[in-house]
Protein chains: 2
Amino acid sequence: MDTARKRNSAREESLEVILHHAEKIFAEFGFKGATMQAIADASALPKANLHYYFPTKMALYREVIERIFTIWLGAADSFDTSASPREALSRYIRKKMEISRAHPCGSKVWANEVIQGAPIIQDYLQTTLNEWTDTRIEVINRWISDGKIDPVDPRHLLYMIWATTQHYADFQHQVVTLNGGKRLDDAQWDAATRNVTEIILKGIGA
Amino acid sequence: MDTARKRNSAREESLEVILHHAEKIFAEFGFKGATMQAIADASALPKANLHYYFPTKMALYREVIERIFTIWLGAADSFDTSASPREALSRYIRKKMEISRAHPCGSKVWANEVIQGAPIIQDYLQTTLNEWTDTRIEVINRWISDGKIDPVDPRHLLYMIWATTQHYADFQHQVVTLNGGKRLDDAQWDAATRNVTEIILKGIGA
DNA sequence: AAATGCTTTGACCATTTGGTCAGGTTAAGG
DNA sequence: CCTTAACCTGACCAAATGGTCAAAGCATTT
């Protein structure tokens with residue numbers, strides 16, 4: 001039993017290692033630019049071994065996308081529709097910033113996908129994301145009619161939050177360059193989160 | 001003379017056609033994903049002809065980047081350091097939104113570059129962009145000490161403006177999908193610009 | 001109209017790369 | 001032990017792709 005579990009967990013670990021490095025390589029070189037050889041090297045495995053676990057590059061890519069989507073759903077949940085505007089948006093922005101910091105590569109892969117017309121995630125955009133967006137738009141519109149925030153177009157507010165928070169992941173390289181080549185430290189991430197949160201909240205009169 | 005000019009202008013036009021379509025293809029497929037054949041087909045020219053005008057794919061790519069950078073400089077100039085915060089920022093945001101609408105592919109190519117660690121534009125980031133940013137940070141800090149706006153970190157304000165305005169170009173596909181598959185019309189672009197401008201200006205107490 | 005030099009292009013080549021496969025290795029169960 | 005099945009991998013292949021080149025086309029000058 002113990003050995004059976006060992007074999008199984010070895011498989012899990014291989015999958016994990018491959019997916020982790022694949023995300024990195026796909027983020028850095030795009031789908032076409034990433035090579036199975038590069039992912040294999042990063043994973044310290046022979047290329048043929050990758051094809052044992054993932055039949056094709058596209059299959060591997062889809063798995064990577066799947067994982068990223070799961071993380072994205074976690075952030076989506078943190079947008080608590082029953083809380084006050086300040087509470088709900090602060091929490092959501094904080095969560096989005098945390099994800100940008102913890103998973104910059106995932107964010108980059110997602111960005112690449114969308115930039116290139118979302119060939120793979122089109123379905124997610126049309127169903128899950130679209131529905132989620134609609135429910136949040138409703139909530140924001142209720143805030144507006146309750147006089148809790150200014151009458152802004154909820155869509156543009158959401159885009160602003162997405163764009164700004166994801167910028168710290170997708171444009172990480174530019175942010176770091178303009179920071180004198182040094183990665184943002186704890187205090188700077190904290191300052192970024194506070195600035196973004198404050199400007200947006202005040203900007204909508206929350 | 002007339003014939004000499006004709007030949008010259010034919011050359012100009014070929015260059016223009018190639019660069020235009022190259023920008024599109026690079027935006028849609030990334031550097032590696034874009035093929036000379038695809039650019040040739042889009043330009044309705046044989047592939048060998050591309051190599052007559054641009055010796056290598058990288059040389060063509062650099063030219064595309066160069067053009068985009070020129071456009072970016074135009075927007076940068078519209079940030080008038082002698083105007084009031086409201087005036088300077090409204091104008092800058094409007095200009096950035098106009099560029100997102102007029103040159104979405106250029107923006108996408110730029111985004112791809114930065115996401116992938118800016119292998120080509122690193123130099124621009126460290127010199128021109130860095131210097132430009134520093135001068136604007138100074139101006140914004142003066143606004144703050146003059147009590148014209150709230151004490152926000154100028155960097156994060158700039159990042160927010162860049163991220164949000166460029167989102168409408170880079171994430172065009174997502175924006176369109178969430179708009180029911182229809183491209184934004186004049187009124188929607190106008191609304192987006194107004195919302196973004198108002199939230200940011202009010203957000204910093206301008 | 002002949003010479004000159006810029007422009008065009010089909011055919012071709014070398015390299016890269018996704019994917020295959022046959023044979024070997026290791027672990028689980030009897 | 002021995003069988004079985006999962007796992008691993010070096011060697012290999014076919015297709016895609018960046019780039020070359022020689023020969024042809026064409027406009028401009030003399």
Side-chain angles (χ1 to χ4, degrees), chain A residues 1-65 109 112 116 119-120, chain B residues 1-65 109 112 116 119-120:
Chain A
M1 202 69 249
D2 201 33
T3 44
R5 201 185 311 139
K6 196 190 290 175
R7 182 172 243 197
N8 206 15
S9 81
R11 183 187 182 88
E12 298 296 323
E13 201 191 314
S14 279
L15 288 172
E16 178 58 35
V17 166
I18 294 170
L19 285 167
H20 174 77
H21 290 100
E23 182 177 287
K24 245 178 140 164
I25 302 289
F26 280 130
E28 196 173 342
F29 302 101
F31 175 73
K32 192 67 194 294
T35 66
M36 293 299 271
Q37 190 62 61
I39 296 169
D41 290 347
S43 307
L45 291 170
K47 191 184 68 159
N49 205 356
L50 256 66
H51 279 100
Y52 174 71
Y53 285 108
F54 302 95
T56 64
K57 184 181 175 182
M58 184 56 89
L60 171 55
Y61 183 67
R62 280 178 192 278
E63 287 285 329
V64 169
I65 289 281
V109 172
N112 256 319
Q116 303 189 6
I120 306 300
Chain B
M1 201 70 249
D2 202 32
T3 44
R5 201 185 308 140
K6 196 190 288 174
R7 183 172 240 193
N8 207 15
S9 81
R11 184 187 181 88
E12 299 295 323
E13 200 190 315
S14 279
L15 288 172
E16 178 58 34
V17 166
I18 294 170
L19 285 167
H20 174 78
H21 290 99
E23 182 177 288
K24 244 177 142 165
I25 302 289
F26 280 130
E28 195 172 343
F29 302 101
F31 175 74
K32 191 67 192 295
T35 65
M36 293 299 270
Q37 189 61 62
I39 296 169
D41 290 347
S43 307
L45 291 170
K47 191 184 68 161
N49 205 356
L50 257 66
H51 280 100
Y52 173 71
Y53 285 108
F54 302 94
T56 65
K57 185 181 177 182
M58 183 56 90
L60 171 55
Y61 183 66
R62 281 178 191 278
E63 286 285 327
V64 169
I65 289 280
V109 172
N112 257 318
Q116 303 190 7
I120 306 300

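First the proteins, then the strands, lettered A, B, ... as listed; each starts at 1.
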Worksheet item: Just how far, in rounded Å, is P of D:dA15 from CE of A:Met36?
Response: 19 Å
Response to the item:
Whole-Å distance, A:Ile25 CD1 to C:dT17 P, equals 12 Å
Item to complete: Please report the closest heavy-atom contact between B:Met58 and B:Ile120, naming both atoms and the distance.
Response: SD-CD1, 3.6 Å
Item to complete: State, yes or no, whether a side-chain contact exists between A:Glu63 and A:Phe54 at a heavy-atom distance under 4.5 Å.
Response: yes
Worksheet item: Taking all non-hydrogen atoms of both residues, which atom of B:Ala34 and which atom of B:Ile25 are closest, and how far apart?
Response: CB-CG2, 3.6 Å
Worksheet item: CD of A:Gln37 versus P of C:dG19: gap in Å, rounded?
Response: 13 Å
Discussion item. Using a strict heavy-atom distance below 4.0 Å, which residues from residues 45-53 of chain B are in contact with DNA chain C?
Written reply: B:Pro46, B:Ala48, B:Asn49, B:Tyr52, B:Tyr53
Practice prompt. Determine the interplanar angle of the A:Phe26 and A:Phe31 rings, folded into 0 to 90°, and report it as parallel if under 30°, tilted if 30 to 60°, perpendicular if over 60°.
Written response: parallel
Worksheet item: Looking at CG of B:Leu60 and NE2 of B:His51, how far apart are the two atoms once the value is rounded to the nearest 0.5 Å?
Response: 9.0 Å
Worksheet item: If only side-chain N and O atoms of B:Lys32 are considered, is one of them under 4.0 Å from the OP1 or OP2 phosphate oxygen of C:dT17?
Response: yes
Response to the item:
To the nearest angstrom, the CE-P distance between B:Met58 and D:dT17 comes to 17 Å
Discussion item. Counting only heavy atoms from other residues, nucleotides and ligands, does the tally under 6.0 Å from NZ of A:Lys24 exceed 12?
Written reply: no
Worksheet item: Between atom CZ in B:Phe54 and atom P in C:dT7, what is the gap in whole Å?
Response: 13 Å
Practice prompt. Ignoring backbone atoms, establish whether B:Arg11 has a side-chain N or O less than 4.0 Å from OP1 or OP2 of C:dC6.
Written response: no
Worksheet item: How many Å lie between CD on B:Glu12 and P on C:dC6, as a whole number?
Response: 15 Å
Discussion item. Distance check needed: C:dG19 P versus A:Tyr61 OH, whole Å only.
Written reply: 14 Å
Practice prompt. Measure the shortest side-chain to side-chain distance between A:Ile39 and A:Lys57 over non-hydrogen atoms and say whether it is less than 4.5 angstrom.
Written response: no
Discussion item. Base, sugar-phosphate or nothing for A:Ala34? Non-hydrogen atoms, less than 4.0 Å.
Written reply: sugar-phosphate
Item to complete: Could you state the atom-to-atom distance from CG of A:Leu15 to C1' of D:dC8 in whole Å?
Response: 14 Å
